[in-house]
Amino acid sequence: MTTTSTTTSTTTSTSDTPAAAAPGAAAASDFIRDIVAADNQSGKHGGKVVTRFPPEPNGYLHIGHAKSICLNFGIAGENPGGVCHLRFDDTNPAREDVEYVDSIQEDVRWLGFDWGANKFYASDYFERLYQYAEELIKLGKAFVCDLTAEEMISFRGSPTVPGRESPYRERTVEENLNLFAAMRAGDFADGAKTLRAKIDMASPNIHMRDPAIYRIRKVDHHRTGDAWGIYPMYDYAHCLSDSIEGITHSICTLEFEVHRPLYDWILDALKTPCHPQQIEFARLNLSYTVMSKRKLLQLVQEELVEDWDDPRMPTIAGLRRRGVTPEAIRHFCARIGVTKYNGLTDIALLEFSIREDLNRRALRVMAVLRPIKVVLTNYPEGQTEEMPAVNNPEDPAAGSRTVPFSRVLYIERDDFMEVPAKKFFRLFPGNEVRLRYAYIIKCNTVIKDDAGNITELQCTVDPDSKSGGATAGRKIKGTIHWVSAAHALTAEVRLYDRLFTVPEPDNAGEGRDFKEFLNPHSLETLTDCKLEPSLATAVPETRYQFERLGYFRADPKDSAAGKPVFNRTIGLRDSWAKEQAG
RNA sequence: UGUCCGAUGGUGUAAUGGUAGCACAAGGCCCUUUGGAGGCUUUUGUCAUGGUUCGAAUCCAUGUCGGACAGCCA
């Protein structure tokens with residue numbers, strides 16, 4: 001799968017280039033930055049700051065990863081000489097794929113970060129990791145175990161019950177060395193043996209109860225092919241990879257807190273280049289969505305969404321396709337902060353960051369999503385006027401354009417009510433509204449078909465009320481958008497909404513599956529939308545605000561030349577909708 | 001009746017022994033040729049109980065509540 005990148009500022013760089021500090025989202029300090037600053041002060045790591053972002057290439061990156069990316073690359077960028085590595089934690093070939101390593105790189109780059117020459121793979125270290133394991137065996141701190149997976153579970157005990165030692169625990173160093181070599185040589189079946197660290201089966205920390213550090217898996221690896229039939233486990237590979245790369249601060253999420261003693265044990269047991277400090281922070285939880293790769297994969301595989309880059313997905317690729325900008329994501333990440341408290345962030349905060357950014361940069365245009373025809377009975381047939389319109393009131397440099405106006409227009413169905421609700425100050429029989437950048441009109445006649453559906457509104461214009469005209473300053477409560485029927489571009493527009501109907505689909509009750517809470521209205525496809533003609537040449541790189549409706553961008557996959565398909569990134573704040581709901 | 005971690009308005013965070021502040025959300029007002037944006041404004045908070053201190057969100061103790069951990073996943 002490929003997705004068009006919407007930024008062009010991907011810079012190539014050389015080794016030891018400081019990690020790019022993406023501009024515009026200066027993060028306030030947090031407890032991790034405090035630790036880094038204190039370590040710099042004390043000279044703990046010789047003044048160096050080396051972080052890493054270590055994804056497993058078994059899925060697409062999501063907004064939660066963005067938090068980690070902004071943290072790790074951010075810290076590197078803020079410290080003189082700081083570097084952030086991109087390291088693929090590819091120790092489980094059964095689940096990993098090059099599609100994911102490609103998408104991960106694209107997403108990190110798109111977010112605005114640069115690892116320079118510092119791209120690594122845990123699989124780069126397989127040989128060294130193997131040697132370290134032999135070292136551990138020689139030290140009497142690792143042994144080959146023949147227990148089956150089921151047996152190992154029963155020997156492990158439980159959080160409150162100590163485990164029992166494996167009967168294979170006291171094999172000699174020589175026997176272990178031979179067996180481990182035979183494991184590597186492929187002499188045993190998958191799962192027949194493991195290499196285990198020899199620590200303490202009675203430890204109150206289950207991760208210290210002789211954890212497996214190598215398992216036999218005769219599976220081809222996406223980088224090493226069939227060179228290996230044994231693969232190191234996360235706890236063993238990660239700390240050593242960190243050390244090999246000279247990482248100073250190994251930042252990970254809270255669930256690894258309990259693993260830290262093992263991280264430290266391995267590095268203390270071996271002669272390694274350095275001993276990085278593992279620091280844990282709370283992963284991002286966002287309301288009205290799910291964040292686990294397993295669940296996102298499920299949505300993709302069961303075709304509940306189009307793909308990993310479905311605009312409803314909280315993936316970086318999905319947000320990008322929807323029209324969210326990297327700046328908005330970075331600002332969001334700066335705003336949510338970094339702590340050890342495992343909370344639930346309101347998705348409204350993300351939505352705010354998106355609107356904030358898009359409001360600054362989006363070109364304003366007029367588009368009618370659900371058209372209703374308006375005929376201006378006192379406007380000359382065949383006449384067209386070009387109405388000047390501002391492209392972006394937030395940015396004078398964006399200039400202006402003209403929009404064609406004529407006798408037959410489309411307006412939004414929602415902008416007319418035959419029987420007006422209270423506080424409705426748009427169009428209704430006998431009422432006047434202002435047409436944005438044009439005239440004040442008055443509704444006189446409602447025309448319906450046999451079924452009683454409204455097919456046409458007959459209105460009259462106040463000819464002096466044209467923008468800049470004699471009566472243009474008249475106080476009119478409502479202003480609505482419109483598109484000239486004769487000039488309109490008909491297009492497909494997709495309205496996206498929250499993927500789930502409940503704040504915590506993950507957590508919605510005993511035995512309930514998160515998919516029960518999928519929002520049936522998360523995608524609404526409109527095929528008869530009428531757009532102002534300037535949109536015919538819209539490209540995915542340009543963000544638009546359809547006035548009074550929301551922010552839109554041309555879909556990078558489904559748009560064709562001269563025939564754009566638009567995605568709604570997010571709606572405008574809508575105080576009328578709020579009024580009605582309240 | 002294990003180990004580790006955490007707890008500040010509805011939500012996310014700041015205050016590092018010295019005036020509990022910011023943002024989002026919610027409400028109100030002003031402004032507006034986008035019911036957008038913007039401006040002003042209001043409501044709501046230190047888990048509990050003790051202790052140390054001139055002074056505690058912060059330090060200590062106890063309790064309560066919440067989270068993570070029992071893959072040959074990461």
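Letters A, B, ... mirror the listed sequences (proteins, then strands); counts begin at 1. These figures come from a predicted structure and were not determined experimentally.
- A:F424 comes within 4.0 angstrom of a base, heavy atoms only.
- Among the nucleotides B:C72, B:A74, B:G12, the one closest to any side-chain atom of A:T91 is B:A74.
- In this structure, A:Y234 forms no aromatic stack with the base of B:A74, since the conditions of centre separation below 5.5 Å and plane angle below 30° are not both met.
- For A:K423, whose side chain is taken as the heavy atoms from C-beta onward, the closest listed nucleotide among B:G35, B:U13, B:G36 is B:G35.
- Side-chain N/O atoms of A:H259 and base N/O atoms of B:A74 include a donor-acceptor pair closer than 3.5 Å.
- OP1 and OP2 of B:U1 both lie 4.0 Å or more from every side-chain N or O belonging to A:T160.
- Nearest to the side-chain atoms of A:N92 among the listed nucleotides B:C4, B:C73, B:C24 stands B:C73.
- Between A:Q278 atom CD and B:C5 atom C1' there is a gap of 13 Å when expressed in whole angstrom units.
- A donor-acceptor pair shorter than 3.5 Å can be found between the side chains of A:S29 and A:D34.
- With B:U33, B:A7, B:C72 as the candidates, the nucleotide lying closest to the side chain of A:R434 is B:U33.
- Rounded to an integer number of Å, the gap from A:Y288 OH to B:U11 C1' is 12 Å.
- Across all strands shown, B:C60 is found opposite B:G50 as a Watson-Crick or G-U wobble partner, with both distances under 3.5 Å.
- One atom, CZ of A:F352, and another, P of B:G12, lie 18 Å apart when rounded to the nearest Å.
- Of all nucleotides listed (B:A70, B:A26, B:A37), B:A70 comes nearest to the side chain of A:I206.
- Within the 4.0 angstrom heavy-atom criterion, no nucleotide atom of any strand lies near A:I440.
- As judged by a 4.0 angstrom heavy-atom cut-off over every strand, A:S158 is placed among the base-contacting residues.
- Each of A:G343 and A:R95 has a nearest nucleotide on RNA chain B; the 5'-most of these lies closest to A:G343.
- Which of B:A23, B:G35, B:C72 sits closest to the side chain of A:M152 comes down to B:C72.
- Judged by Watson-Crick or G-U wobble contacts below 3.5 Å, the nucleotide B:U33 has no partner.
- The cationic atom of A:R543 (NZ for Lys, CZ for Arg) does not lie both less than 6.0 Å from the six-membered ring centre of A:F552 and within 45° of the ring axis.
- The line from CG of A:L319 to NE2 of A:H62 is 11.0 Å long, rounded to the nearest 0.5 Å.
- Following rounding to the nearest Å, A:M233 (CE) and B:A74 (C1') show an atom-to-atom distance of 9 Å.
- For B:G36, the base has a donor-acceptor partner in the side chain of A:E394 [N/O atoms by modelled type, under 3.5 angstrom].
- Relative to the ring axis of A:Y551, A:R355 does not place its NZ or CZ within 45° and under 6.0 Å from the centre.
- Atom-to-atom, CD of A:E280 to P of B:U3 comes out at 18 Å; the value is rounded to the nearest Å.
- Contact of A:S467 with B:U33 (side chain to base): a donor-acceptor pair of N or O atoms is detected under 3.5 Å.
- When heavy atoms are screened at a 4.0 angstrom cut-off, A:T345 is found touching the sugar-phosphate backbone but no base atom.
- In this model, the phosphate group of B:A37 is approached by a side-chain N or O of A:R573 to a distance below 4.0 Å at OP1 or OP2.
- A:K578 has a side-chain polar atom (N or O) that falls below the 4.0 Å cut-off from OP1 or OP2 of B:A26.
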Take A:F120 and A:E245 through the side-chain contact (heavy atoms from CB on, under 4.5 Å) test and state the conclusion after the steps. CA-CA 9 Å; A:F120 304 106; A:E245 291 179 18; 3.3 Å; yes

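- A cation-pi arrangement is absent between A:R171 and A:F143, since the terminal nitrogen or guanidinium carbon is not both under 6.0 Å from the aromatic centre and inside a 45° cone about the axis.
- At the heavy-atom level, A:R156 lies under 4.0 Å from the strands shown only through sugar-phosphate atoms.
- Which of B:A23, B:C69, B:U34 sits closest to the side chain of A:V258 comes down to B:C69.
- For the OP1/OP2 pair of B:A37 and a distance below 4.0 Å, the side-chain nitrogens and oxygens of A:R355 include no atom meeting the criterion.
- Checking B:G10 for Watson-Crick or G-U wobble geometry (two distances, each under 3.5 Å) identifies B:C24 as its partner.
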Stepwise side-chain contact (heavy atoms from CB on, under 4.5 Å) check, A:R401 with A:N391: CA-CA 7 Å; A:R401 70 190 185 289; A:N391 286 334; 2.9 Å; yes

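- The distance between atom CG of A:L572 and atom P of B:G35, rounded to the nearest whole Å, is 9 Å.
- For the pair A:I476 CD1 and B:U34 P, the computed distance is 13 Å after rounding to whole Å.
- Proximity of A:H85 to A:F53: side-chain heavy atoms (C-beta onward) are nowhere separated by under 4.5 Å.
- Counting non-hydrogen atoms under 4.0 angstrom, A:P393 reaches a base of the nucleic acid.
- Interface remark: the A:R364 side chain does form a donor-acceptor pair with the B:U34 base, using a distance-only criterion of under 3.5 Å.
- Residue contacts shown for A:E547 include a base, since a base heavy atom lies under 4.0 Å away.
- Between A:K340 atom NZ and B:U13 atom P the separation is 14 Å, expressed in whole Å.
- Within 4.0 Å (heavy atoms only), A:S203 reaches no atom of the nucleic acid at all.
- At the heavy-atom level, A:F425 lies under 4.0 Å from base atoms of the strands shown.
- Nucleotide B:G2 has B:C69 as its partner under the Watson-Crick or G-U criteria, with both atom distances under 3.5 Å.
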